[in-house]
Amino acid sequence: MRATVKDVAKLAGVSPKTVSNVINGVVFVRPETRARVEQALSELDYVPNMSARGLRNGRTGMIALALPDLLRPYSAEIVHLVVELAHERGWGVQIEQTASEPTREFELLSKARAYLVDGLILNPVNLDDSAVLSAGPLPPLVLIGDVDQDLVSQVAIDNAAAARDMTRHLIARGCRRIAAVGTPEIPRGSSGAGVLGGVAGAPGTAASRLRTAGYREALAEAGIPNDPALEIGLDRWRPEGAATVVGKYLADHELPDAFFCFTDTLASGALSALWAAGVAVPGQTLVAGFDNVLESQFMIPPLTTVDFDRRAFVAAALELLEERMADKNTAPRRVIVPHRVIERVSTTR
């Protein structure tokens with residue numbers, strides 16, 4: 001049987017109120033009394049009933065973080081920072097993977113509405129497919145990432161501007177034929193019209209559409225015609241996928257001046273395919289990524305990438321979530337975290 005506060009009080013020879021004061025740590029308890037209570041807690045292997053506590057104070061002390069793909073290095077860094085910074089606020093974190101499935105998002109939103117968690121940080125990859133639009137009244141919720149919405153507070157970076165800046169960087173290195181890896185996959189029979197407009201049914205993720213838009217804008221700005229053959233579509237941003245599509249591209253096309261990969265993970269796959277094909281980087285072509293994950297500086301060669309302050313990104317998300325938890329009627333806010341291009345050997349000439 002699970003030990004109760006009354007069991008601990010009986011063993012320690014104190015009142016249940018004194019046991020609660022020791023557990024919660026908000027009222028002074030004499031050291032000798034505290035020692036007896038803590039000894040009793042240990043002997044009985046007491047575990048606080050967080051559900052009951054939540055009924056009394058309206059909080060569980062837990063938040064949830066839901067990301068689409070926990071395998072990605074970027075996700076691991078976000079999880080690490082959320083857990084670390086939430087701990088500083090006295091919160092525990094429940095980690096979930098949505099796999100971009102609306103049903104999983106519905107389940108998490110339901111948990112938050114049922115007060116099983118106090119709030120939720122969610123990273124939908126596409127607003128059209130997200131439960132956020134159709135889940136009814138929303139619990140305390142903050143979105144991170146790239147979807148365009150004004151329903152709830154959100155933290156993001158300017159993906160189009162960041163992609164534009166990286167493409168400009170490659171153009172400044174003398175590149176004109178720049179392949180983009182990770183653009184939206186266009187369904188067969190589609191002209192691709194509206195792909196970047198964010199309309200319902202548009203292919204690709206919000207991030208892929210925005211980064212493709214920034215890439216095209218930089219080309220146009222430099223007077224370089226956009227060549228659809230240089231847009232290498234890939235909706236699942238994993239290294240094995242990038243290695244496969246870049247390998248196929250190399251077999252069928254002339255080598256581009258550069259590959260702009262829409263994540264560092266994609267860049268690692270592209271570098272593998274280039275190595276397998278005997279193509280030297282940066283000697284024969286340049287490669288750039290996006291996200292500045294920890295591994296990017298240790299790739300061969302070290303990877304030029306887009307960086308942003310992830311600690312500031314996560315801190316902003318937690319601050320916005322705390323605002324929503326305190327008052328669900330607070331007007332939604334959108335925080336844009338600055339970015340920069342970090343140049344490394346993969347784009348040095």
Side-chain angles (χ1 to χ4, degrees), residues 62-70 72-89 91 93-98 100 105 108-109 112 117-133 135 138-165 198 205-211 213-214 237 262-264 290-294 305-340:
M62 294 290 295
I63 63 170
L65 168 67
L67 300 175
D69 184 358
L70 294 177
R72 291 173 56 188
Y74 171 81
S75 297
E77 294 184 21
I78 293 296
V79 167
H80 167 75
L81 286 167
V82 169
V83 170
E84 180 181 315
L85 297 182
H87 178 74
E88 293 178 3
R89 294 171 180 260
W91 301 344
V93 183
Q94 175 182 324
I95 309 299
E96 299 282 355
Q97 177 173 276
T98 63
S100 306
E105 293 183 5
L108 291 168
L109 290 168
V117 292
D118 296 328
L120 173 63
I121 297 175
L122 182 64
N123 182 192
V125 298
N126 241 334
L127 192 61
D128 299 323
D129 301 326
S130 174
V132 173
L133 289 182
L138 294 173
L141 172 67
V142 169
L143 301 188
I144 56 174
D146 314 298
V147 296
D148 185 16
Q149 57 81 46
D150 56 9
L151 296 174
V152 298
S153 294
Q154 181 174 1
V155 183
I157 65 169
D158 190 335
N159 275 272
R164 188 165 58 244
D165 288 345
T205 64
S208 69
R209 294 193 295 269
L210 289 167
R211 294 177 194 183
W237 285 358
F262 285 177
T263 69
D264 292 348
F290 199 116
D291 286 334
N292 192 31
V293 298
L294 178 63
T305 185
V306 172
D307 178 50
F308 63 96
D309 187 338
R310 273 188 278 289
R311 179 172 285 270
F313 184 91
V314 168
L318 292 172
E319 180 181 343
L320 292 176
L321 185 61
E322 189 165 38
E323 286 181 4
R324 304 294 292 178
M325 287 159 53
D327 182 3
K328 286 189 287 186
N329 296 317
T330 299
R333 291 202 292 132
R334 184 178 176 88
V335 176
I336 301 297
V337 176
H339 66 271
R340 59 177 179 150

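Just the heavy atoms: all of them, side chains too, but no hydrogens, waters or symmetry mates, feed the values below. Along the sequence shown, residues are numbered consecutively beginning with 1.
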Peer 1: Is the shortest side-chain heavy-atom distance between S208 and T205 below 4.5 Å?
Peer 2: yes

Peer 1: Donor-acceptor check, side chain of D291 to backbone of D264, threshold 3.5 angstrom: yes or no?
Peer 2: no

Peer 1: Mind listing the closest non-hydrogen atom pair of L85 and A315 along with its distance?
Peer 2: CD1-N, 3.9 Å

Peer 1: Flag the pair L318 / I121 as yes when at least one side-chain heavy-atom distance between them is below 4.5 Å, and no otherwise.
Peer 2: yes

Peer 1: Just how far is it from atom CG of L65 to atom CG of N123, taken to the nearest 0.5 Å?
Peer 2: 8.5 Å

Peer 1: L70 and V79: side chain to side chain contact (heavy atoms under 4.5 Å, CB included), yes or no, with the steps?
Peer 2: CA-CA 9 Å; L70 294 177; V79 167; 4.2 Å; yes

Peer 1: Hey, is CZ on R89 packed in by over 12 heavy atoms from elsewhere, all under 6.0 Å?
Peer 2: yes

Peer 1: Is there a side-chain contact between R211 and F290 in this structure, where contact means two heavy atoms from C-beta onward sitting under 4.5 Å apart?
Peer 2: yes

Peer 1: Give the minimum heavy-atom separation between M325 and P140, together with the two atoms involved.
Peer 2: CG-CB, 3.7 Å

Peer 1: Can you list the residues that meet the side chain to side chain donor-acceptor pair (under 3.5 Å) rule with N292, with sequence neighbours excluded?
Peer 2: S296, D307, R344

Peer 1: With a 3.5 Å distance limit and no angle check, can you tell me whether T98 reaches the backbone of A66 through a side-chain donor-acceptor pair?
Peer 2: no

Peer 1: Parallel, tilted or perpendicular: which one describes the rings of F262 and W237, with boundaries at 30° and 60°?
Peer 2: perpendicular

Peer 1: For the pair H80 and V82, evaluate side chain to side chain contact (heavy atoms under 4.5 Å, CB included) and give the outcome as yes or no after the intermediate values.
Peer 2: CA-CA 6 Å; H80 167 75; V82 169; over 6 Å; no

Peer 1: Would you compute the distance between atom CG of D309 and atom CZ of R340 and round it to the nearest 0.5 angstrom?
Peer 2: 9.0 Å

Peer 1: Would a 4.5 Å heavy-atom cut-off, applied to side chains only, mark I63 and V117 as touching?
Peer 2: no

Peer 1: Does E319 reach the main-chain N or O of E322 with its side chain, forming a donor-acceptor pair under 3.5 Å?
Peer 2: no

Peer 1: Taking E77 for the side chain and R310 for the main chain, is one N or O donor matched with an acceptor at less than 3.5 Å?
Peer 2: no

Peer 1: Would a 4.5 Å heavy-atom cut-off, applied to side chains only, mark D165 and V306 as touching?
Peer 2: no

Peer 1: Taking atom CG of L122 and atom CD of E96, what is their separation to the nearest 0.5 Å?
Peer 2: 11.0 Å

Peer 1: Any salt bridge (Lys or Arg N to Asp or Glu O under 4.0 Å) pairs touching residues 143-158, not counting sequence neighbours?
Peer 2: none

Peer 1: Output, in order, the C-alpha distance, side-chain angles, deciding distance and verdict of side chain to side chain contact (heavy atoms under 4.5 Å, CB included) for I144 and F313.
Peer 2: CA-CA 9 Å; I144 56 174; F313 184 91; 3.8 Å; yes

Peer 1: Using side-chain heavy atoms (C-beta onward) and a distance below 4.5 Å, is Q97 in contact with D69?
Peer 2: yes

Peer 1: Is any side-chain heavy atom of R209 closer than 4.5 Å to a side-chain heavy atom of N159?
Peer 2: no

Peer 1: Looking only at heavy atoms, what is the nearest atom pair of T330 and D327, with distance?
Peer 2: OG1-O, 2.9 Å

Peer 1: Taking the side chain from Q94 and the backbone from M62, do they hold a donor-acceptor pair closer than 3.5 Å?
Peer 2: no

Peer 1: Can you name the nearest heavy-atom pair linking L321 to L141, along with the distance?
Peer 2: CD1-N, 4.1 Å

Peer 1: Tell me whether Q154 contacts the main-chain N or O of V147 through its side chain, where contact means a donor paired with an acceptor under 3.5 Å.
Peer 2: yes

Peer 1: Below 4.5 Å, heavy atoms only, C-beta onward: do S153 and L143 meet side chain to side chain?
Peer 2: no

